[in-house]
Amino acid sequence: MQEPKSMSLGQRVLALGTAALMTVGSMSGAAVASEFDLLAEPAPTTSYYLDDASVLSISTKGDLNKKLKELEESTGYRVEVITVRKLEYETDAFAFSDKLLANWYPKAERDNKGVLMVVTAAKEGALTGGAAFMDAIGDELLDSIVGDQIPIYTEQEKYNLTVESSLERVIAKLEGKTVPVRADDTKRRTYRTKEETDKSKNITATVVASLLLIAVVVPMLQYYGYVAKD
C-alpha cells in the first residue's frame, strides 16, 4: 500500500483557506444570511412585511397586510415592515433600510415608499423612506417613534405592539388624521438624548464654577473682615 503523497504548498494553502471559510461560515452564517439575503430579496408584492426575526404573530401579519394595503390604495404611500434579529455589517438601521429601498425600487419610484424596521437584539429601529414620505411623516413623529416608542416596547420584548402602535401613528399621519400619542402606561426611556446630555453638562459646569467661586471668595472676605477689625 502506497503512502499518500505530500501536499504541495498551493494545496495546503487551499485546504487551510477552505477550513477557515467553513469555520467563519459556521460562526456567522446566520448573520450573513439575514442581512445579505434581505438585500437580495425582490421588492415585496404579495405582502407588506418581512419578518426575518420571526417575532410577528399571524394576526399581526394579517392586520399589517390589510391596513397597509388600504393605506397604499387611499394615499399612494407604501410602507414595508421589516424585522431583523441583528445587524452586523451595516449596523445603522437607517442606512440598512435605505439600502433595502434602493435595492427594491428605482430612485424615481422611491418618493412615496417607506420602511419601518425593528432590530430585536439591539432594541432599536428606524423609520425612513423617500422624500415625499419623510416630509409627510415629519421630524417630531419620527423622533417620537424611533427615540421613545420602539426602544421602550422592544425593551419589554413586545414586538407586535412595537410594530402595531408605531404603524397606527404613521398611518394616521399619512392619512391626515389626528396622530395618537404613545400610551403612558409603560416606562419611559432611561437614556438621555444628546441635547439633554449637553444641557446637563452646561448646568453642571455652572454649578461647579459657582461653588469654586464661593469657596475662594468667602474665606477672603472673612479674612479681610477680620483684618479690618484689628
Side-chain angles (χ1 to χ4, degrees), residues 31-44 47-56 60-61 64 67-68 71-72 77-105 107 109-174 179-182 186 188-195:
V32 172
S34 175
E35 289 175 66
F36 290 94
D37 283 359
L38 277 177
L39 288 171
E41 285 281 339
S47 67
Y48 292 80
Y49 65 85
L50 284 175
D51 184 25
D52 190 66
S54 300
V55 292
L56 300 181
T60 295
K61 292 176 180 177
L64 292 182
K67 293 177 180 178
L68 292 177
L71 174 71
E72 185 176 16
Y77 290 107
R78 181 180 178 94
V79 182
E80 315 286 356
V81 175
I82 314 294
T83 71
V84 295
R85 192 177 67 84
K86 66 193 302 185
L87 298 175
E88 290 192 355
Y89 293 91
E90 176 52 80
T91 57
D92 184 280
F94 280 90
F96 186 63
S97 299
D98 286 335
K99 284 184 178 181
L100 284 176
L101 279 179
N103 279 9
W104 289 342
Y105 304 105
K107 187 175 182 180
E109 298 178 15
R110 272 177 245 158
D111 211 32
N112 292 340
K113 305 295 192 300
V115 168
L116 173 68
M117 175 173 286
V118 175
V119 185
T120 60
K123 312 299 184 189
E124 65 179 11
L127 178 61
T128 186
F133 176 82
M134 296 306 292
D135 286 344
I137 292 297
D139 291 339
E140 184 177 352
L141 181 58
L142 173 65
D143 291 343
S144 177
I145 290 176
V146 176
D148 278 329
Q149 193 155 350
I150 292 178
I152 288 170
Y153 287 135
T154 53
E155 184 66 32
Q156 302 173 27
E157 298 188 353
K158 297 179 178 179
Y159 302 115
N160 289 277
L161 181 59
T162 300
V163 170
E164 291 169 349
S165 62
S166 297
L167 277 181
E168 181 184 13
R169 302 177 74 194
V170 168
I171 291 172
K173 182 72 172 181
L174 295 176
V179 178
V181 297
R182 183 181 62 80
T186 58
R188 294 190 176 275
R189 56 181 164 80
T190 56
Y191 61 89
R192 293 181 178 179
T193 63
K194 182 179 184 298
E195 290 77 11

Mind checking the [atom1]-[atom2] spacing from [X] to [Y]? Nearest 0.5 Å is all I need.
X	Y	atom1	atom2	result
L174	E72	CG	CD	12.0 Å
L38	K99	CG	NZ	13.0 Å
F133	L127	CZ	CG	4.5 Å
T83	Y159	OG1	OH	10.0 Å
I137	T128	CD1	OG1	10.5 Å
K107	L101	NZ	CG	13.5 Å

>> Looking at V55, is its backbone amide N or carbonyl O close enough to the side chain of D51 to form a donor-acceptor pair, meaning the two atoms are under 3.5 Å apart?
In response: yes

Write down the atom of [X], the atom of [Y], and the distance for their closest heavy-atom approach.
X	Y	value
P44	S47	CB-O, 3.4 Å
A132	Y77	O-OH, 3.8 Å
K86	A121	CB-CB, 4.0 Å
A93	M117	O-SD, 4.0 Å
S166	Q149	N-NE2, 3.3 Å
A53	V84	CB-C, 3.6 Å

> Which residue pairs satisfy the side-chain hydrogen bond (donor to acceptor under 3.5 Å, both in side chains) criterion with at least one member in residues 133-146, sequence neighbours excluded?
Replying inline: S144-R169

Is any side-chain heavy atom of [X] less than 4.5 Å from a side-chain heavy atom of [Y]?
X	Y	result
L71	L167	no
V146	F94	yes
L100	L39	yes
V170	L116	no
L68	I171	yes
R78	Y48	yes

> What pairs meet the salt bridge (charged side-chain N to carboxylate O under 4.0 Å, His left out) rule with one or both residues in residues 110-127, with sequence neighbours excluded?
Replying inline: K123-E157

> Sequence neighbours excluded, which residues qualify as side chain to side chain donor-acceptor pair (under 3.5 Å) partners of N160?
Replying inline: S57, T60

>> A quick test of your reading: do over 12 heavy atoms of other residues, nucleotides or ligands sit less than 6.0 Å from NZ of K61?
In response: yes

